[in-house]
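One structure below.
Given the structure is predicted, the values throughout are model-derived calculations rather than measurements. Per chain, numbering begins at 1; letters A, B, ... match sequence-line order.
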Protein chains: 2
Amino acid sequence: MTQLPDSIEDSVISAILGGRLRPGTRLGEAKLAEVYGVSRTRVREAMMRLETRGIVHVSARRGWFVVEPSATEARAAFQARRVIETGMLRDLQALPGRSLPGDAVAHLRAHVEEEREALHTGHVGSRTCLLGDFHIHLAHAFGNAFLTDILRDLTARTTLVSMLYQSDQDAAASSDDHAGIVTLLADGDFVGAARLMDEHIRRVEDGLDLAAAPDPLAGLREILSPGAPA
Amino acid sequence: MTQLPDSIEDSVISAILGGRLRPGTRLGEAKLAEVYGVSRTRVREAMMRLETRGIVHVSARRGWFVVEPSATEARAAFQARRVIETGMLRDLQALPGRSLPGDAVAHLRAHVEEEREALHTGHVGSRTCLLGDFHIHLAHAFGNAFLTDILRDLTARTTLVSMLYQSDQDAAASSDDHAGIVTLLADGDFVGAARLMDEHIRRVEDGLDLAAAPDPLAGLREILSPGAPA
DNA sequence: CGCACCAATCTTGTATACAAGACTGTTGAG
DNA sequence: CTCAACAGTCTTGTATACAAGATTGGTGCG
């Protein structure tokens with residue numbers, strides 16, 4: 001299902017969303033250049049593109065780092081998503097003729113099913129990634145490439161946060177919300193879907209303990225935990 | 001009022017929005033490097049950042065070009081703006097306590113006054129630029145940096161189109177819409193403002209003759225018109 | 001023992017060199 | 001006269017070299 005990334009950018013994003021690269025991780029140009037078998041030039045290009053997309057940031061002459069959204073930034077990202085995603089759904093209601101493509105509801109239903117499985121079997125990374133993907137797929141069904149791209153980057157940021165702070169039961173509740181949204185969409189009740197989407201994103205945001213500062217030593221602890229390879 | 005751009009990116013954007021760089025204009029790396037007194041490296045960085053923002057695009061081994069949104073892309077950009085801007089205004093209504101900052105309405109009113117003057121005295125570039133700026137200022141007042149940045153780039157694209165296709169009377173009507181929106185905001189009627197915003201953006205979009213293909217020879221014609229310098 | 005200072009090393013920032021492809025103008029055949 | 005082939009020129013794509021600043025580890029003074 002997951003296609004292998006063809007560009008450095010996609011590869012890094014995929015690693016971040018998959019939980020293999022944690023927020024705050026340093027991305028050395030030389031290291032990446034070696035990994036991808038290219039010169040620093042192309043790595044720098046990719047990093048700068050990711051920077052304008054808000055995925056990484058650069059600290060002058062120190063290196064590139066996966067963004068660590070502050071509590072304030074995280075809340076702003078959630079608000080932006082709420083505005084856009086509810087706006088999209090309400091826009092569907094505005095024009096009587098407008099609607100989602102015929103197979104959209106079926107696709108979304110299948111996706112929710114995938115979420116369900118990941119909740120039981122998968123680990124935090126794939127679970128959180130799938131929960132974020134639901135919103136991307138919904139945006140895709142809406143059919144506006146600009147909004148899809150925007151939501152992809154915005155969701156990446158909130159996913160980054162959710163992965164650190166979301167509990168198992170909150171993840172399950174999220175998936176239930178998704179199922180409810182799909183049901184409303186199937187009924188053509190876009191305003192209802194918009195309302196539930198608004199509640200859903202608020203719930204996810206409120207469920208995260210953003211006040212609790214992340215553990216800056218998490219990476220170190222993991223490495224130093226018993227059983228870790230030298 | 002207009003601050004001089006400190007970066008290559010801002011300089012190019014400012015030139016585009018000011019009408020000094022038309023859609024489709026080629027931006028040679030060597031030329032820009034000479035103009036800004038830097039090497040091609042930094043010019044390329046700026047171009048790639050602008051590319052991820054959708055302002056320019058690259059044609060392999062041919063050069064960088066100011067984007068020329070197709071009719072389809074233009075409509076999508078307008079739709080995205082409609083979704084986001086109306087979503088923002090409705091979000092203000094959602095929470096009873098929420099509101100714009102105290103001085104926001106006054107600022108916006110002053111801006112509309114500026115638009116009025118530009119309609120009479122200014123040329124198409126500054127006029128169109130100001131009409132777009134209204135929306136940026138409104139987004140800024142909303143207070144979400146993500147949405148402000150997103151709308152800045154999105155508005156840049158629609159502005160690009162408006163500059164080519166908008167008539168004088170449509171520009172005046174736009175400014176009237178802006179004034180109406182400010183009035184509704186002053187009354188705290190955010191839903192009404194959202195509705196008017198929706199109509200406004202639709203009106204602007206409908207006013208443009210997007211079906212009419214742009215004249216690819218416009219630049220040439222201007223140069224070859226009688227009285228042009230050799 | 002603690003702390004400030006300093007040198008060595010490492011990393012990014014910027015420029016330059018060279019390779020690869022695209023366009024242009026010419027030339028020659030039909 | 002028309003058109004196809006080709007060489008020359010120009011432009012971007014990629015790699016490499018060097019400069020500037022940051023970090024780290026050591027050293028000596030208090």
- Note on the structure: Residue pairs passing the salt bridge (Lys or Arg N to Asp or Glu O under 4.0 Å) test with at least one member in residues 135-148 of chain A, sequence neighbours excluded, are none
- With sequence neighbours excluded, tell me which residues meet side chain to side chain donor-acceptor pair (under 3.5 Å) with A/Asn144. B/Gln79
- Note on the structure: Rounded to whole Å, CD of B/Glu34 lies from P of D/dT11 at a distance of 12 Å
- Message: Less than 3.5 Å apart, any donor N or O on the side chain of A/His178 or A/His111 sitting next to an acceptor on the other?
- Response: no
- Task: For each nucleotide in nucleotides 13-22 of chain C, reading 5' to 3', give B when a protein heavy atom comes within less than 4.0 Å of its base, S when such contact involves only the sugar-phosphate, and - otherwise.
- Result: BBBB---BSS
- Item | Gap between atoms CG and P, on B/Leu32 and D/dT11 respectively (whole Å) | 12 Å
- Task: Sequence neighbours left out, what passes side chain to side chain donor-acceptor pair (under 3.5 Å) with A/Asp91? Give chain and number order.
- Result: B/Arg82
- With sequence neighbours excluded, what pairs up with B/Asp103 under the side chain to side chain donor-acceptor pair (under 3.5 Å) test? none
- Item | Nearest-angstrom distance from the residue atom CG of A/Leu27 to P of C/dT12 | 10 Å
- Message: Wobble G-U and Watson-Crick pairs count when both distances are under 3.5 Å; given that, what is the 5' to 3' dot-bracket string of DNA chain D, with | for pairing to other strands?
- Response: ||||||||||||||||||||||||||||||
- Name all residues meeting the side-chain contact (heavy atoms from CB on, under 4.5 Å) criterion together with A/Arg61; count only those two or more places apart in sequence or in a different chain, and write none if there are none. none
- Item | Partner residues of A/Arg26 under the side chain to side chain donor-acceptor pair (under 3.5 Å) criterion, sequence neighbours left out | none
- Task: Give every residue pair that meets the salt bridge (Lys or Arg N to Asp or Glu O under 4.0 Å) criterion with at least one member in residues 154-172 of chain A, sequence neighbours excluded.
- Result: A/Arg127-A/Asp168
